[in-house]
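Protein chains get the first letters and strands the later ones, always in sequence-line order, with residue 1 at the start of each. Since we're looking at a predicted model, the values are computed, not measured.
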Protein chains: 2
Amino acid sequence: MLGTSETMKPRAQSTRRKTRIQRENRERILEAALDVFSSYGFRGATVDQIAIAAGMSKPNLLYYFSGKEDMLQGLLDRLLDIWLAPLRKFDDRGEPLTEIRNYIKRKLDMARDYPRESRLFASEILQGAPHLKELLGAEIKQLIDSKVDVIQKWMDQGKLARCNPYHLLFSIWSTTQHYADFDAQLKVLLPAERYNDSRFEDAEQYLDLLFVQGLKPENSK
Amino acid sequence: MLGTSETMKPRAQSTRRKTRIQRENRERILEAALDVFSSYGFRGATVDQIAIAAGMSKPNLLYYFSGKEDMLQGLLDRLLDIWLAPLRKFDDRGEPLTEIRNYIKRKLDMARDYPRESRLFASEILQGAPHLKELLGAEIKQLIDSKVDVIQKWMDQGKLARCNPYHLLFSIWSTTQHYADFDAQLKVLLPAERYNDSRFEDAEQYLDLLFVQGLKPENSK
DNA sequence: GATAACATTTACCAATCGGTCAAAAATACA
DNA sequence: TGTATTTTTGACCGATTGGTAAATGTTATC
C-alpha cells in the first residue's frame, strides 16, 4: 500500500505508452462519438448513446475518456487536420481560377465523404463555437490569412476579379459544406433521381460555372 | 362537482378566444424559446432555461404550451412565413439578374435582422429536420419548384447563364445564411474592424459580383 | 503458473430532465 | 361587492442525465 505508482490517475494512462486495446477502443469510441455528436449536437448527445454505439458499457467508455467534453475535444483535435487539408493544398504557384476550381472540387469531395465531420463543425459553430474558439483563433486564422494574401496577390496581378478575399473563401465554404450540412433539405427539395444519382456532380458543374465565370479578371470593375 | 365544463383540457383554451394575458405570455415564451433553441438546439435546450428566459416559472410556462415540442412547433409554424418572404417576392416579370440581386439583398437582410431564426432552421435541418419535414415537403417544395420554373424560363430565353436552377437557389441560400449561421466563425476570422463595421456591406458587394458576373448569359457554354 | 497491470462490469450516486398536481393568487365580470 | 374564471405557484414525480466506487475478469510478462 506504499505509494509506488497507484497515485497516478486511474484513467487511461496519459504518459505511458498506449496498449493495443487502448488504441482500438479509443478509436471505436471516437467513431461512435462522431456519429452521435453530429446527429444530435454536443448537448443533445448522451454518453449512454455513445457507449451503446461503440458497443460497450458507459463505465467502460469512461475508462478511456474522462467525460463528454473529453471526447468532443479529442474529436475536434483530430478532425481539424482532415478538414483543413483542402485549404492547405491551395497553391499560390498555380493558375488562380484552376486553383479555385480544384479547391471547390476538394471541398465537395469532403462534403460527400465526410458529412458527419462537416455537420459536427457546423453544429459547434452554430452554437457559438465554445469548444472551437481556441483552435479557430490560432491555427486556422493564420492559415486563412496566408491564403487571403495569396488571393490578394492574384488580384493585384490581374489574374482574378477584384473582390474581398475573405468573403470569397466564405462563399466557397458555405456553398460546398451546404451539401453535407443541409443534406436533409436537399433530399426533400431535389427531384428524387437528381438527389440520388447526381447531386454532387450537378453541384460541381454549377459551382464551376458560378465561380470561374464570376471571378474572371475581366469582370472586375 | 357535476361535470359542467371542468372536463375540458385545463391547458390554455384551444377553442375559446384568447385573453390579453394569454397572447402576451405566449409571445414572451416564443421569444424566449427562439433564443434558447437557436443557441443550444432543440435537444440541448431545457424547459427551465426557456422559462427563466421568459421570466416565469416552469409550471406557468407549461400552462401555455403543452411541452417542449409544442413550443418548437409553434415557433416553426410562425417562422416559416417570415423566412420564405424573400423567395415569395422573387418575381418572374423582373429583369433576371436584377431579381437575383434583389433576392440576395433580401436574404442578407434576413441573416442580419433575424439571425436566431436562421440558426434555428439550420440546427433543425442539421439534425435531419425531424420537425420540419412535413412543412418542407409540402409548402416549401411547391414554392421552390415554381421558382425553379421561372429561372428555367429565363435561361431558355437567354437572359441567364444556363445552369441548374436548384443548385442556383441552394448557393444563394448557403452564401447568405452563412452570415447568420456561422457568425461565430466570421467573428474570429475576419479582421475586427471589418467584422464590426462592414461585414454585411462587404458580403453584399462580393455576392453581387459573384452572382451577377457568374450568371451573365454570355457566360453560358 | 504466479503476479502485476490492464480492462470490464455491477451497482450506485446526486443532479437534472420533462412534466404533473392541487392549492393559492390574481383577474374579470355581475 | 361577490363569485366564477384565469393565472401563478410550490411541492413533487418518475425517468434520465453525467459520472463514480469497488469488485471482478482479462492480459501480458516473468
Side-chain angles (χ1 to χ4, degrees), chain A residues 1-29 32-33 36-37 40-74 130-131, chain B residues 1-29 32-33 36-37 40-74 130-131:
Chain A
M1 205 171 278
L2 287 157
T4 53
S5 75
E6 51 34 87
T7 51
M8 287 185 62
K9 280 234 182 83
R11 306 257 151 272
Q13 292 70 8
S14 40
T15 74
R16 209 173 306 189
R17 207 180 170 308
K18 286 193 174 82
T19 313
R20 170 185 56 88
I21 296 180
Q22 273 175 28
R23 279 196 308 270
E24 287 175 3
N25 279 349
R26 283 183 65 94
E27 192 54 37
R28 269 169 61 203
I29 292 168
V36 178
F37 282 146
Y40 302 104
F42 177 69
R43 291 191 46 161
T46 74
V47 177
D48 300 78
Q49 240 180 326
I50 299 171
I52 290 170
M56 63 179 69
S57 66
K58 184 170 59 169
N60 196 183
L61 182 154
L62 289 168
Y63 173 71
Y64 294 101
F65 288 89
S66 66
K68 239 172 117 176
E69 303 260 0
D70 194 19
M71 283 185 273
L72 179 63
Q73 209 50 253
H131 306 89
Chain B
M1 205 175 279
L2 286 157
T4 53
S5 74
E6 49 37 85
T7 52
M8 286 184 63
K9 280 237 182 80
R11 304 259 151 272
Q13 291 71 5
S14 39
T15 74
R16 208 173 306 187
R17 207 181 170 312
K18 287 195 175 80
T19 314
R20 171 185 55 88
I21 297 181
Q22 273 175 28
R23 279 196 310 269
E24 286 175 3
N25 280 348
R26 282 183 66 95
E27 192 54 38
R28 268 169 62 202
I29 292 169
V36 177
F37 283 146
Y40 302 104
F42 178 69
R43 291 191 47 163
T46 74
V47 177
D48 300 78
Q49 239 180 325
I50 299 172
I52 290 171
M56 63 179 69
S57 64
K58 184 170 58 169
N60 197 183
L61 182 153
L62 289 167
Y63 172 72
Y64 294 101
F65 287 89
S66 67
K68 237 173 119 175
E69 303 260 0
D70 193 20
M71 283 184 274
L72 179 63
Q73 209 51 251
H131 306 87

OP1 or OP2 of [N] sitting under 4.0 Å from any side-chain N/O of [X]?
X: B:S57; N: D:dT8; value: no
X: B:Y63; N: D:dT9; value: no
X: B:Y64; N: D:dT6; value: no
X: B:Q22; N: D:dT7; value: yes
X: B:N60; N: D:dG10; value: no
X: B:R20; N: C:dA28; value: yes

Can you tell me the distance, in whole Å, between the [atom1] atom of [X] and the [atom2] atom of [N]?
X: B:F65; N: C:dT20; atom1: CZ; atom2: P; value: 15 Å
X: B:D48; N: C:dG18; atom1: CG; atom2: C1'; value: 8 Å
X: A:R26; N: C:dT8; atom1: CZ; atom2: P; value: 14 Å
X: B:I21; N: D:dT6; atom1: CD1; atom2: P; value: 11 Å
X: B:L72; N: C:dG18; atom1: CG; atom2: P; value: 13 Å
X: A:R23; N: D:dT27; atom1: CZ; atom2: P; value: 16 Å
X: A:L62; N: C:dT9; atom1: CG; atom2: P; value: 13 Å
X: B:I50; N: C:dT16; atom1: CD1; atom2: P; value: 17 Å

Measure the [atom1]-[atom2] distance between [X] and [Y] for me, rounded to the nearest 0.5 Å.
X: A:Y64; Y: A:R28; atom1: OH; atom2: CZ; value: 8.5 Å
X: B:K58; Y: B:I52; atom1: NZ; atom2: CD1; value: 9.5 Å
X: B:F37; Y: B:Q49; atom1: CZ; atom2: CD; value: 9.5 Å
X: A:R20; Y: A:N25; atom1: CZ; atom2: CG; value: 9.5 Å

Name the residue closer to the 5' end of DNA chain D, choosing between B:N25 and B:R43 according to the nucleotide with the nearest heavy atom.
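In this pair, the answer is B:N25.
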Would you check if the side chain of B:R43 reaches a backbone N or O of A:A45 as a donor-acceptor pair within less than 3.5 Å?
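Absent.
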Selection from D:dT20, C:dG18, D:dG18 that lies nearest to any side-chain heavy atom of A:P59:
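Of all the options, the side chain of A:P59 is nearest to D:dT20.
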Looking only at side-chain atoms of B:T46, point me to the closest of C:dC17, D:dG18, C:dC21.
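So the side chain of B:T46 is nearest to C:dC17.
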Base, sugar-phosphate, or nothing for A:A45, non-hydrogen atoms under 4.0 angstrom?
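Sugar-phosphate, backbone atoms only, no base.
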Using only modelled atom types and a 3.5 angstrom limit, is any donor from either the side chain of B:K68 or the base of C:dG19 paired with an acceptor on the other?
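Result: no qualifying N/O pair found.
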